[in-house]
Amino acid sequence: MGVTINSEPLIRCDALGVAYGAGFVLENVTLHIRRGEFVGIVGPSGSGKTSLLRAITGSLAAARGSVEVTRGTRIGYVPQVESVDWNFPITVGEVLAMTRTRRHWPRTTRSERAEMKEVLEGLGLHGLEGRHIRELSGGQQQRVFVARAMFGKPDILILDEPTSGVDVRTRHEILHLLRDLHSKGSTILLTTHDLNGLASHLPRLVCLNREVIADGPPRETLIPEVLERTYGAPLHVLEHGGMPIVLDHDYTSSEVLRDTERQMRSERESRQ
Amino acid sequence: MTIALDLLAPYDFAFFQRGMVAATLAGALCGVLGVFVVLRGMSYIGHGLSHAVFGGAAASAVMSINFFVGAGIWGIISGVLIGRIARRKIIGADAAIGIVTTASFAGGIALLNRYGQARKSIEAVLFGSVLGVSWVDIAAILAVSLAVGAIVLFAYRAFLFATFDPQVATVSGERVAAIEVMLMVMLSVTILVTMRVIGTLLISALLVIPAATARMITNSFSRMLMLSPLIGALCCLAGMNLSYHLDTSAGATIILVAAAVFTATYLLAGRRARLRVASLNHL
């Protein structure tokens with residue numbers, strides 16, 4: 001199913017600056033997210049990825065510039081799994097129901113239960129309503145929090161490091177899930193450290209290190225020049241099956257790698 | 001027959017009947033708030049608040065102000081102050097609570113020492129005097145119990161969201177700071193009305209033990225919120241009766257019964273349940 005991208009931004013950051021005390025962690029960041037987009041933000045630790053999300057969600061004020069979220073936009077926020085208290089006494093059903101705070105009582109209504117069932121079925125979690133969150137697999141745990149965000153019927157889904165601390169299989173599950181949600185029309189914004197497992201599969205990437213270094217599809221952003229400016233260290237990029245693969249080790253002695261890089265550079269130059 | 005009569009003997013006394021009602025209500029009330037105290041890692045705050053309220057109780061006794069008004073205002077201010085310090089991380093939360101509450105506690109003792117009537121009042125507040133409670137005290141506990149029950153039930157989902165995931169609750173538009181203030185106010189008022197039953201020194205145990213026991217039994221927040229007050233009320237009921245027959249302090253006996261229930265649950269509940277309570281590492 002094709003995804004329609006609306007030209008009117010849901011989120012508009014213009015020359016945004018964010019500071020903790022006197023020190024700016026973000027400077028002059030301009031980023032517009034339109035309805036239907038699937039955007040990943042990459043950058044090293046301390047590059048301001050989480051601060052940018054916090055500014056967008058309104059938990060951090062802009063010191064300069066502006067952040068505008070279109071009026072009435074519902075944000076579904078999925079925290080890092082590492083930040084969740086997995087020992088908290090709570091079942092999957094309770095995790096979802098807590099977001100509907102307009103209804104105060106503990107007991108869910110019939111329509112809420114029907115909606116819950118639909119969301120859980122859609123994410124492959126059917127029948128787990130009564131399970132404690134710790135009793136789930138890594139992939140199911142991440143999906144529960146996506147389900148909670150989806151249960152709030154969000155206009156945009158924001159995920160903070162969705163593949164942080166998960167195994168390879170779970171990472172695949174999450175990637176498939178997010179692609180599926182995007183194909184069904186969800187707008188998604190996420191941060192990630194995972195350049196090969198997640199970022200390279202996204203349609204749009206923003207490379208961030210205090211400021212926006214590059215913004216575009218992975219083929220234009222996951223290139224050695226941009227990555228060196230973003231991460232402050234030389235990184236090599238290979239291409240496999242039409243996807244860029246970032247190597248974070250020093251393979252410069254490899255003749256094969258040098259040839260491949262040379263070939264990719266000449267291909268890029270000829271495209272330009 | 002004789003045993004049954006012996007067991008029912010204390011109920012012949014009106015003061016014991018009042019004590020029973022007060023203690024059972026106090027146990028249930030502390031059980032409800034104990035769930036939040038335990039899950040939010042506020043055990044030390046509960047302990048500190050009870051000491052802070054003691055300062056207010058002493059000041060109101062010396063200044064001949066109504067106990068509930070004087071200690072209530074003092075307790076609520078202390079609770080909100082502690083909550084703000086803990087949330088804003090102005091200094092280490094433990095250090096802040098230690099300073100605010102022990103200063104208040106020490107101030108209370110100094111006031112009572114300086115202005116007479118000391119010993120009896122101090123002991124009553126420190127260890128409780130459940131057999132001396134009046135119908136006014138019971139009415140106060142009942143009113144606070146109904147208010148806390150209504151607030152927790154009416155704002156159940158918001159309280160759960162703010163307790164489990166304050167960051168996402170904030171993003172979702174919940175007024176997390178207001179919920180925290182409300183929780184501190186409820187805790188302060190609860191300590192205020194129940195301190196005559198159980199005493200300042202033991203009240204934090206009544207906040208923590210039933211909730212920690214309930215945590216071992218269930219993995220569901222809503223069930224924990226039902227079980228904890230039930231355990232609290234039953235421990236108070238049993239503790240009161242035992243204290244009469246063993247001729248021991250009511251407050252101390254209630255806490256010993258609660259501790260015994262916790263230990264029995266811990267031993268019988270199995271490894272998984274023990275891990276659940278071990279995860280409450282701030283206890």
Side-chain angles (χ1 to χ4, degrees), chain A residues 50 53-60 69 72-81 83-109 112 129-136 144-146 148-149 151-154 156-160, chain B residues 32 34-36 38-41 89 149-179 211-228 272-283:
Chain A
T50 302
L53 291 193
R54 291 185 66 196
I56 289 170
T57 55
S59 29
L60 206 58
V69 178
T73 300
R74 286 186 302 262
I75 293 175
Y77 189 82
V78 182
Q80 287 188 35
V81 284
S83 72
V84 174
D85 177 3
W86 296 103
N87 292 309
F88 195 94
I90 196 159
T91 61
V92 172
E94 286 174 331
V95 169
L96 264 67
M98 71 167 72
T99 55
R100 295 283 177 91
T101 48
R102 280 191 181 175
R103 182 178 158 80
H104 306 290
W105 306 102
R107 191 168 166 75
T108 46
T109 61
E112 278 180 334
E129 292 94 323
R131 285 268 199 96
H132 185 254
I133 51 171
R134 201 183 181 84
E135 295 169 0
L136 307 171
V144 165
F145 287 89
V146 174
R148 178 177 71 173
F151 193 58
K153 295 181 178 168
I156 181 167
L157 202 56
I158 296 182
L159 302 97
D160 191 9
Chain B
V32 170
V35 171
F36 296 98
V38 162
L39 295 178
R40 297 174 74 100
K89 299 180 172 67
I151 291 168
V152 169
L153 201 61
F154 190 69
Y156 170 86
R157 295 190 188 187
F159 272 103
L160 171 57
F161 205 175
T163 301
F164 176 60
D165 203 342
Q167 186 199 358
V168 179
T170 307
V171 170
S172 305
E174 291 305 317
R175 288 181 295 175
V176 174
I179 289 169
T213 309
R215 178 67 193 97
M216 281 192 284
I217 299 169
T218 184
N219 258 333
S220 154
F221 181 80
S222 57
R223 281 199 287 272
M224 187 176 170
L225 207 50
M226 287 186 275
L227 275 173
S228 179
R272 274 190 173 186
R274 284 196 281 275
L275 285 176
R276 284 178 210 154
V277 84
S279 69
L280 304 169
N281 52 14
H282 45 262
L283 283 181

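If you're wondering where the values come from, they're calculated on a predicted model, not measured in any experiment. Below, chain A is the first sequence line, B the second, and so on; all start at residue 1.
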Measuring only between side-chain heavy atoms, which start at C-beta, is [X] closer than 4.5 Å to [Y]?
| X | Y | value |
| --- | --- | --- |
| B:Phe161 | A:Arg148 | yes |
| A:Thr108 | B:Arg157 | yes |
| A:Tyr77 | B:Asp165 | no |

Query raised in the report: Measuring heavy-atom distances to chain B, does A:Ile133 have an atom under 4.5 Å in its side chain, in its backbone, in both, or in neither?
Result: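 For A:Ile133, side-chain heavy atoms alone lie under 4.5 Å from chain B.
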
Requested in this report: Give, as side chain, backbone, both or neither, the part of A:Val78 having an atom under 4.5 angstrom from any heavy atom of chain B.
Outcome: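 For A:Val78, there is no contact with chain B at all, as no heavy atom is under 4.5 Å.
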
Requested in this report: Identify which one of B:Met216, B:Arg223, B:Arg215 satisfies the side-chain contact (heavy atoms from CB on, under 4.5 Å) criterion when paired with A:Pro89.
Outcome: B:Arg215

Point-to-point distance, once rounded to the nearest 0.5 Å, from [atom1] of [X] to [atom2] of [Y]:
| X | Y | atom1 | atom2 | result |
| --- | --- | --- | --- | --- |
| B:Ser172 | A:Arg74 | OG | CZ | 12.0 Å |
| A:Gln80 | B:Gln167 | CD | CD | 8.5 Å |
| B:Asn219 | A:Asn87 | CG | CG | 9.0 Å |

**Report entry** Any donor-acceptor N/O pair, A:Glu94 side chain to B:Ser220 backbone, under 3.5 Å
**Finding:** no

Query raised in the report: Which one, A:Gly130, A:Ala97, A:Ser83, leads in non-hydrogen pairs under 4.5 Å with chain B?
Result: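 It is A:Ala97.
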
Query raised in the report: In terms of heavy-atom pairs under 4.5 Å, which option from A:Ile75, A:Thr91, A:Val95, A:Ile90 contacts chain B the most?
Result: A:Ile90

Report summary line: Heavy-atom closest pair (B:Phe164 atom, A:Asp85 atom, distance to 0.1 Å) is CE1-O, 3.8 Å

